[in-house]
Enquirer: 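This is the structure, below, for whatever I ask next.
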Amino acid sequence: MCGRDYSFAKAGAAYAFRLFYVFWLDIMLNKTFEPAETEKKLYELWESEKAFSADPQSGKKSFTIMIPPPNVTGTLHMGHALTMTLQDTLVRWKRMQGFDTLWQPGTDHAGIATQMVVERALAAENITRQDMGREAFIQRVWKWKEESGGGITRQLRRLGASLDWPRERFTMDEGLSRAVKEVFVTLFNEGLIYRDRRLVNWDPMFRSAISDLEVESKDVAGKLWYVRYPVEGKPGETITVATTRPETMLGDAAVAVHPEDERYAALVGQFVRLPLTGRLIPIVADLHSDPEKGTGAVKITPAHDFNDFEVGRRHNLPMLTILDEQARVILDEIEDELTSVEGLADPAFVKNLAGLSREEARKTIVAELERLEWLEKIEPHRHQVPHAERGGAVIEPRLTTQWYCDAGKLAGPAIEAVTSGKISFVPKQWENTFFAWMRDIQPWCISRQLWWGHRIPAWYGPDGHVFVAHDDADAQKQADAHYGRTEVLSQDEDVLDTWFSSGLWPFSTLGWPDKTPELAHYYPTDVLVTGFDIIFFWVARMIMMGQHFMHDVPFRDIFIHGLVRDERGQKMSKSKGNGIDPLELIDAYGADALRFTICALTGIGRDVKLGRKKVEDYRAFVTKIWNAARFCEMNGVKAQDGFDPQSVTSPLGQWIIAEASTAIQEATKALEVYRFDDYALSCYRFVWNCFCDWFLEFAKPVFASDDTAEAAEIRAVAAYVFGIILRLLQPVMPFVTDELWTSFGFGKQGSLISQAWPEPIVLAGAEAAQAECNHIIRLISEIRTVRAEMNVPPSQKAPVFLQDAAQHTMERAERWQEAIGRMARVSHVALQQGNVPRGSAQAVVGEATLIIPLEGLIDITAEEERLKKELAKADDEIAKTDKKLGNENFVARAKPEIVQEMRDRLAAQQGESIRLKAALARIS
RNA sequence: GGGUGCGUAGCUCAGCGGUAGAGCAUCGCCUUCACACGGCGGGGGUCACAGGUUCAAUCCCUGUCGCACCCA
């Protein structure tokens, strides 16, 4: 327990003692940090104190991030943990910088995904949605949503995400539905939404159209069937077509050959008979046919293949649909033309195909062709087969009437937003990908034959006339005016593509189409943080919709982060079973550790390889901070009101304040350019390698000394710098930092989140302090190295004598006698006088040479070897620098400051060489 | 086939014109009164390869090879 109860003793003689007792035993930090407890307590506190609330009336500048709404069916995976951690880090940082921050939460209704979940649950009860009917089914989905949906929002809280929860939206809630209708009606009236009958990617499993983006090509080992088609009027003559889909020949409308293919030139314009149906189809010349592939002649099935569809259009061919919505054979459109011809299949055979699946039909048809000897040969063949990204069914191109959005028209202003720099991608590289897709954008099929989603606000009259309106009353009014009488209307059965509503997210969540204060204050938002996988699905559409309806970009920056992979670089996936559950990591190591790990590993444009081990390693950093805090606490370090860093006079104090300022600059600069890795690592380095390894070590003798004035100053400085550390790390590790913020008396529990981001300061006269501390650090390091290399046990203290030391060097060494003693295991430091004792180790630091008498403890030969090695290294460097300076071209053409740097370097190297030689002479 | 990104220490990655860096791993020493989730120190790289530009190239340009991803 991190007991925070100040159970003050009653007044009395023992009061002072009790106060002391209470201080040490009741409010000391625990030996270890317990994340679970702190996280729960703090998150609840933040939420109840409305620490995440945005306030459009605040008068402050806004900083806004729209959450990429996770599917309402979703559970938190590593990808979420990554993107949400980055967003939260930015939001928390900007909040500290004094912005009115809005991180807009919400979830997506995710049409197909959610419908699938509920249908699966129904299947367990042996019910289909068709059994239930549309209304009951939708009610059932809503019920599911209320009970089990949105679990992800609870999980986001575990991560520490500072989302403004009371503003949570759902893509199908009332307000957003209103926005969807408004957009649909407007775009329809502008002619940018229309109905069209053309080929779509049809998912026979869901029995719905899907967009190009939802289709995934997969390389599949298939076959190429060579089928002979008899040429009409030329008995015995045939043309052989090669096909990967023999079952679609029922819908063939032509055979195409290349116009310049001499083999077939004479046949163009002739007719062939389809071996199965007896239907006569023409041989046409079309560039689509590739003479190099197969036989150079291809069958054309316009209603079941995208390329063939185009060929069909060019040659005015009939478009015969021979597969139904479940991809079963359907004969309605070809039955009338079945002809009984000698040598061809019997019409009865074809009639028996009705109702067969694609796969069964293929088998049956191939067998029949073989029996009738129309099949020439079969070759193995690898080809690309379109699959539904969700569900995995093989896509069947199908001729249907769907609603389309004229993305081509909307793309222009979206492209302009990026070319003009109103929107910047980070990394910039992604702009090319964006342009490539936007400039070749296809009409967007927005209707889906599902039940769960925004129902298309279109109504049809008895004659099929369409009325698009905000509601049925409005549609009825239009219809009454149109027909001059009251006719019964029926609403379109279809719903809109889920991305249609998420495309409106940046403004629909803010109350659009109403003119709300939120909309005025938070739009355009500042940055969108997301993965590259949804640039087309979502990012592009938000830009198009934002430009069209808000006449402004939806966000200024787009930070595109990589994918989370496992430690071996494999994509995390359910099927591979290599996923890691972020909640489990939070349980094991704490949210702070997970969040810090994510930031530390997020470089620009790189995937994040994340394993347990990494989180475990960075958890050590959380522990390190905790222990540093305990040390400070034990030494009486606590928040001091009115502390003025400019009043600090000790070199140690000035030095660490200057170092802290550098860390603040680095961290701030890194966050400004989305370098989460640099941000995390500069904090890490400052805390661990500067504050803990040096400052606290230097502080130990001060705290232990009798000089209470100096000790008091260093205590105050320690508190001041530790406060900076906590504020610097709050965005990435909000829990442990807040806990410590309170422990040190900086503020009450939960208050760190709203503290000001630290500003770097310039300390007058800090340069001298920095030079002094850096010199002492070098001195100590050098002594440590020599001792370690000579295998001197740390228990063995030895004096250090300075040979040829300048006066100020000597003075410094004396001032830091105590620290050098502790940190380098030195008994005392003194100027070297007289002869160097036998058996001494030596090291060169600046103008001075350190002499460490260790007679009997070191091997003189080894020391000689060591010094020789050092000397060789120094001479090597001299040679390199010498060579450079000897090059006339270098001296003449290189920047003067570089030349000067080289000259300085040479002088230093030569000095070192001379001193090393002297050291060698002394011991040999 | 078109495009993009990447090849730097055993591993994961920074650096991107002026003497090669970090973390982890490894090796040695240390249970020193915040921390062994620790401290101190060491070893380890012709920066994929081949050309070119430059006084100077891991960094810029061209090509080759290898890996990954996207589009067709």
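Throughout, protein chains are lettered first and strands after them, A, B, ... in sequence-line order, and every chain is numbered starting at 1. The figures here come from the full heavy-atom set of this structure, side chains too, leaving out hydrogens, waters and symmetry mates.
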Enquirer: Between B:G18 and B:C61, how far is it from one P atom to the other, in whole Å?
Expert: 15 Å
Enquirer: Is there a donor-acceptor pair under 3.5 Å between the side chain of A:Arg595 and the backbone N or O of A:Val732?
Expert: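 Yes; judged by distance alone, with no hydrogens or angles, the pair exists.
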Enquirer: Heavy atoms only, 4.0 Å cut-off, all strands: where does A:Arg866 land among base, sugar-phosphate and nothing?
Expert: nothing
Enquirer: Hey, is the side chain of A:Lys624 poking within less than 4.0 Å of OP1 or OP2 on B:G39, counting only N and O atoms?
Expert: yes
Enquirer: Of all the nucleotides listed (B:C30, B:G15, B:G39), which has the minimum atom distance to the side chain of A:Asp693?
Expert: B:G39
Enquirer: I need the CZ-P distance between A:Arg439 and B:C71, as an integer number of Å.
Expert: 19 Å
Enquirer: Report the nucleotide, chosen from B:A34, B:A72, B:G18, that has the shortest atom-to-atom distance to any side-chain atom of A:Gln384.
Expert: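 Closest nucleotide among those given: B:A72.
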Enquirer: Nearest-nucleotide wise, let me know which of A:Arg784 and A:Asp678 is further upstream toward the 5' end of RNA chain B.
Expert: A:Asp678
Enquirer: Could you work out the separation of B:A20 and B:U58 based on their P atoms and round it to a whole Å?
Expert: 9 Å
Enquirer: Is it the case that A:Lys883 places NZ or CZ above or below the six-membered ring of A:Phe890, under 6.0 angstrom from the centre and within 45 degrees of the axis?
Expert: no
Enquirer: Is the distance between the ring centroids of A:Phe33 and A:Trp626 less than 6.0 Å?
Expert: yes
Enquirer: Looking at every heavy atom in both A:Asn30 and A:Arg630, which two are closest together, and how far apart are they?
Expert: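 In this case the closest contact between A:Asn30 and A:Arg630 is O-CD, 3.3 Å.
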Enquirer: Choose from B:A34, B:C69, B:C55 the nucleotide whose nearest atom is closest to any side-chain atom of A:Phe631.
Expert: B:A34
Enquirer: Which whole-number value in Å describes the distance from A:Glu697 CD to B:C30 C1'?
Expert: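 Answer to the nearest Å: 14 Å.
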Enquirer: Rounded to the Å, how far apart are A:Ile441 CD1 and B:A72 P?
Expert: 13 Å
Enquirer: Now, which nucleotide makes the Watson-Crick or G-U wobble pair with B:G51, with each of the two distances under 3.5 Å?
Expert: B:C61
Enquirer: Paired with B:G23: which nucleotide, if any, by Watson-Crick or G-U wobble criteria at under 3.5 Å for both distances?
Expert: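 Looking at the geometry, B:G23 pairs with B:C11.
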Enquirer: Select one nucleotide: of B:G18, B:G28, B:G39, the one nearest the side-chain heavy atoms of A:Lys895.
Expert: B:G18
Enquirer: Using a cut-off of strictly less than 4.0 Å, decide whether A:Arg905 has a side-chain nitrogen or oxygen near OP1 or OP2 of B:U19.
Expert: yes
Enquirer: With a 3.5 Å distance limit and no angle check, can you tell me whether A:Thr83 reaches the backbone of A:Gly79 through a side-chain donor-acceptor pair?
Expert: no
Enquirer: For atom P, what is the distance between B:G38 and B:C24, given to the nearest Å?
Expert: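 Roughly 8 Å separates the two P atoms.
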Enquirer: Please tell me if the side chains of A:Val702 and A:Arg715 come closer than 4.5 Å, counting only heavy atoms from C-beta onward.
Expert: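 No, too far: nothing below the 4.5 Å cut-off.
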Enquirer: Measuring from the side chain of A:Asn627 (C-beta onward, heavy atoms only), which nucleotide among B:C40, B:C13, B:C35 has the closest atom?
Expert: B:C35
Enquirer: Would you please classify the geometry between the A:Trp694 ring and the A:Phe698 ring as parallel, tilted or perpendicular, with 30° and 60° separating the classes?
Expert: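 Tilted: the ring planes of A:Phe698 and A:Trp694 meet at 30° to 60°.
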Enquirer: Could you give the CE-to-P distance, from A:Met823 to B:C40, as a whole number of Å?
Expert: 8 Å
Enquirer: When you compare B:A14 with B:U8, how far apart are their P atoms, in angstrom units rounded to a whole number?
Expert: 11 Å
Enquirer: Check this for me: does any side-chain nitrogen of one of A:Glu584 and A:Arg612 sit under 4.0 Å from a carboxylate oxygen of the other?
Expert: yes
Enquirer: Going by the angle between their ring planes, with limits at 30° and 60°, are A:Phe559 and A:His561 parallel, tilted or perpendicular?
Expert: tilted
Enquirer: Would you kindly give the CZ-to-C1' distance between A:Phe703 and B:A34, to the nearest whole Å?
Expert: 12 Å
Enquirer: Strictly under 4.0 angstrom, non-hydrogen atoms only: write out the protein contact profile of nucleotides 1-8 of chain B, one letter per nucleotide from the 5' end, B, S or -.
Expert: ---SSSS-
Enquirer: Applying the side chain to side chain contact (heavy atoms under 4.5 Å, CB included) test to A:Phe676, which of A:Leu86, A:Leu82, A:Thr85 qualifies?
Expert: A:Leu86
Enquirer: Categorize A:Ala788 for me: base, sugar-phosphate, or nothing, with a 4.0 angstrom heavy-atom threshold over every strand shown.
Expert: sugar-phosphate
Enquirer: Regarding A:Glu888, tell me which of base, sugar-phosphate or nothing describes its non-hydrogen contacts under 4.0 Å with the strands shown.
Expert: nothing
Enquirer: What integer distance in Å separates A:Leu885:CG from B:U19:C1'?
Expert: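 Roughly 12 Å, once rounded to whole Å.
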Enquirer: Which value, in whole Å, describes the distance between the C1' atoms of nucleotides B:G44 and B:A25?
Expert: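 Nearest-Å result for B:G44 against B:A25 at atom C1': 12 Å.
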Enquirer: Provide the distance between the two C1' atoms, one in B:C11 and one in B:G17, to the nearest whole Å.
Expert: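 Pairwise C1' distance, B:C11 against B:G17, rounds to 29 Å.
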Enquirer: Given that both distances must come in under 3.5 Å, which nucleotide forms a Watson-Crick or G-U wobble pair with B:G43?
Expert: none
Enquirer: For the side chain of A:Ala620, starting at C-beta, report the closest nucleotide among B:C55, B:G28, B:G38.
Expert: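 Among B:C55, B:G28, B:G38, the one nearest the side chain of A:Ala620 is B:G38.
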Enquirer: Using atom names, set out every protein N or O paired with an N or O of nucleotides 22-26 of chain B below 3.5 Å, distance rounded to 0.1 Å.
Expert:
none

Enquirer: Which nucleotide wins on minimum distance to the side chain of A:Gln909, given the candidates B:C35, B:G18, B:U19?
Expert: B:U19
Enquirer: Is B:A68 paired to anything, Watson-Crick or G-U wobble with both distances less than 3.5 Å, and if yes, which nucleotide?
Expert: B:U4
Enquirer: Would you please classify the geometry between the A:Phe596 ring and the A:Phe621 ring as parallel, tilted or perpendicular, with 30° and 60° separating the classes?
Expert: tilted
Enquirer: Give me the distance, rounded to whole Å, that separates B:G41 from B:A57 when you measure between the P atoms they each carry.
Expert: 34 Å
Enquirer: For A:Asn887 and A:Phe621, find the nucleotide of RNA chain B closest to each by heavy atoms; which residue's nucleotide sits nearer the 5' end?
Expert: A:Phe621
Enquirer: Using the C1' atoms only, state how far B:C6 lies from B:A48, rounded to an integer number of Å.
Expert: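 That atom pair is separated by 11 Å.
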Enquirer: Considering only B:G18, B:U54, B:G42, which nucleotide approaches the side chain of A:Ala894 most closely?
Expert: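 When the side chain of A:Ala894 is considered, B:G18 is the closest of B:G18, B:U54, B:G42.
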Enquirer: May I ask which nucleotide in the shown strands pairs with B:U31, Watson-Crick or G-U wobble, both distances under 3.5 Å?
Expert: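 Across any shown strand, B:U31 pairs with none.
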Enquirer: Regarding A:Asp219 and A:Arg382, does a basic nitrogen lie under 4.0 Å from an acidic carboxylate oxygen?
Expert: yes
Enquirer: Return the nearest nucleotide to the side chain of A:Arg630; candidates are B:G38, B:A34, B:G15.
Expert: B:A34
Enquirer: Using a heavy-atom cut-off of under 4.0 Å over every strand shown, decide if A:Cys632 touches base, sugar-phosphate, or nothing.
Expert: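 Nothing, no nucleic acid heavy atom in range.
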Enquirer: Applying a 4.0 Å non-hydrogen cut-off, can you work out what A:Met902 is touching in the nucleic acid: base, sugar-phosphate, or nothing?
Expert: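 A:Met902: backbone/sugar contact only, no base atoms under 4.0 Å.
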Enquirer: Using a strict threshold of under 4.0 Å (side-chain N to carboxylate O), is an ion pair present between A:Glu864 and A:Lys868?
Expert: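 Result for this pair is yes, salt bridge flagged.
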Enquirer: How many whole angstroms separate atom CH2 of A:Trp694 from atom P of B:G39?
Expert: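 Those two atoms, CH2 and P, are 12 Å apart.
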Enquirer: Separation of A:Glu901 atom CD from B:A56 atom C1', in whole Å?
Expert: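 Whole-Å distance recorded here is 13 Å.
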